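Step one of this worksheet: look at the structure below.
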Amino acid sequence: MKIICIGRNYTAHIAELENEKPTDPVVFIKPDSSVLPKEQDFYIPEFSNDIHYEVEVLVKIKKVGKHIEEKFAPKYYDEIGLGIDFTARDVQQKLKEKGLPWEKAKGFDGASVVGKWVSKEDYSDVNNLNFSLLKNNEIVQDGNTNLMLWKIDEIIAYVSKYFTLKKGDIIFTGTPAGVGSVKTNDYLSGKLEGVEMFNVNIK
Ligand code: ZN
């Protein structure tokens with residue numbers, strides 16, 4: 001299983017990190033070992049002093065595909081989820097300055113929170129889903145998939161030009177504005193269309 005992440009997919013988040021708006025989706029991959037085991041706490045790694053949460057809508061691929069046309073993309077997923085792309089922002093910043101890959105900042109153990117899955121049929125429109133992240137029960141990020149620069153079907157078409165998608169692969173579709181850091185004893189929870197999809201304690 002691989003995790004494919006889209007960066008800079010929401011205009012307001014691009015602005016807050018002072019990044020340039022990309023002409024193509026920013027794509028990176030996290031290893032399967034980055035998935036935080038269910039019910040497990042997130043431990044701030046010793047190599048970072050600035051771990052950021054990024055809440056993101058997830059898509060689970062259900063069958064193998066390559067060079068998928070956008071119009072056929074819906075045949076390749078039927079479950080939607082919500083998760084966190086934890087990012088060691090201080091590590092990432094140093095890597096970015098040197099033009100180096102981001103894996104150490106985003107692919108470390110526990111860096112991918114994957115919440116529960118819901119059938120896409122339960123939603124009238126996957127391109128109009130409200131989601132939010134709460135820190136200590138206060139909303140810190142909220143977004144709607146209608147604000148994505150690249151919608152789910154476009155993402156699937158784009159990434160499948162480069163990577164064969166396999167059953168069980170997960171796509172992280174990018175984070176809206178409001179990213180911020182966590183500290184020990186914080187409690188994060190994520191909601192999709194008002195329903196809690198995950199919660200995690202920070203240690
Ligand atoms: Zn992200």
Side-chain angles (χ1 to χ4, degrees), residues 1-22 24-36 42 44-45 48 50-61 77 80-96 100-115 126-127 129-135 139-152 154-156 158-159 162-163 165 169-182 186 188-192 197-198 200 202:
M1 185 273 274
K2 60 185 172 293
I3 297 170
I4 300 172
C5 299
I6 305 300
R8 303 178 196 169
N9 202 19
Y10 289 85
T11 307
H13 173 61
I14 295 170
E16 73 181 349
L17 292 188
E18 297 179 353
N19 282 318
E20 278 175 41
K21 188 176 169 180
D24 282 306
V26 172
V27 179
F28 56 95
I29 291 201
K30 308 215 281 185
D32 58 1
S33 51
S34 70
V35 175
L36 184 70
F42 175 86
I44 294 174
S48 174
D50 193 20
I51 297 288
H52 275 199
Y53 49 77
E54 296 189 352
V55 69
E56 311 200 2
V57 169
L58 313 183
V59 177
K60 193 196 277 181
I61 297 299
Y77 68 98
I80 299 289
L82 195 71
I84 299 176
D85 169 24
F86 275 122
T87 303
R89 195 70 75 198
D90 45 356
V91 175
Q92 185 195 30
Q93 192 54 39
K94 284 192 191 127
L95 294 169
K96 271 163 89 173
L100 294 170
W102 297 352
E103 275 80 355
K104 288 190 286 183
K106 284 180 169 282
F108 57 88
D109 288 358
S112 304
V113 174
V114 176
V126 297
N127 293 316
L129 296 175
N130 286 298
F131 60 101
S132 57
L133 184 76
L134 295 87
K135 183 168 91 169
I139 293 178
V140 287
Q141 281 192 280
D142 74 293
N144 187 297
T145 53
N146 64 16
L147 299 170
M148 288 181 176
L149 296 176
W150 287 278
K151 310 294 185 205
I152 291 171
E154 292 173 274
I155 292 170
I156 288 173
Y158 185 82
V159 298
Y162 298 89
F163 312 111
L165 300 182
D169 287 349
I170 297 172
I171 299 176
F172 277 62
T173 60
T175 194
V179 300
S181 56
V182 292
D186 279 344
L188 301 177
S189 58
K191 288 184 178 177
L192 182 59
M197 303 293 275
F198 64 78
V200 54
I202 308 298

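Values reported hereafter were calculated over all heavy atoms of this structure, with side chains retained and with hydrogens, waters and symmetry mates removed. Worth saying up front: this structure is predicted, and the values here are computed from it rather than measured. Counting convention: from 1, in listed order, for ligands and their atoms alike.
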Just wondering, more than 12 heavy atoms not from K104 lying within 6.0 Å of its NZ?
no
Heavy-atom side-chain proximity of V26 to W102 below 4.5 angstrom:
yes
Q92 side, atom CD; L100 side, atom CG - distance, nearest 0.5 Å
12.0 Å
Pairwise distance CD(Q141) to CD1(I139) - rounded to 0.5 angstrom
11.0 Å
Quick check for you: to the nearest 0.5 Å, what is the distance between I51 atom CD1 and I84 atom CD1?
11.5 Å
With a cut-off of 2.8 Å, which protein N/O/S atoms are close to the Zn ion (ligand 1), if we only count those under it?
E54 OE1, E56 OE2, D85 OD2
Using modelled atom types and a 3.5 Å cut-off, is there a donor and acceptor pairing between side-chain atoms of K151 and backbone atoms of N127?
no
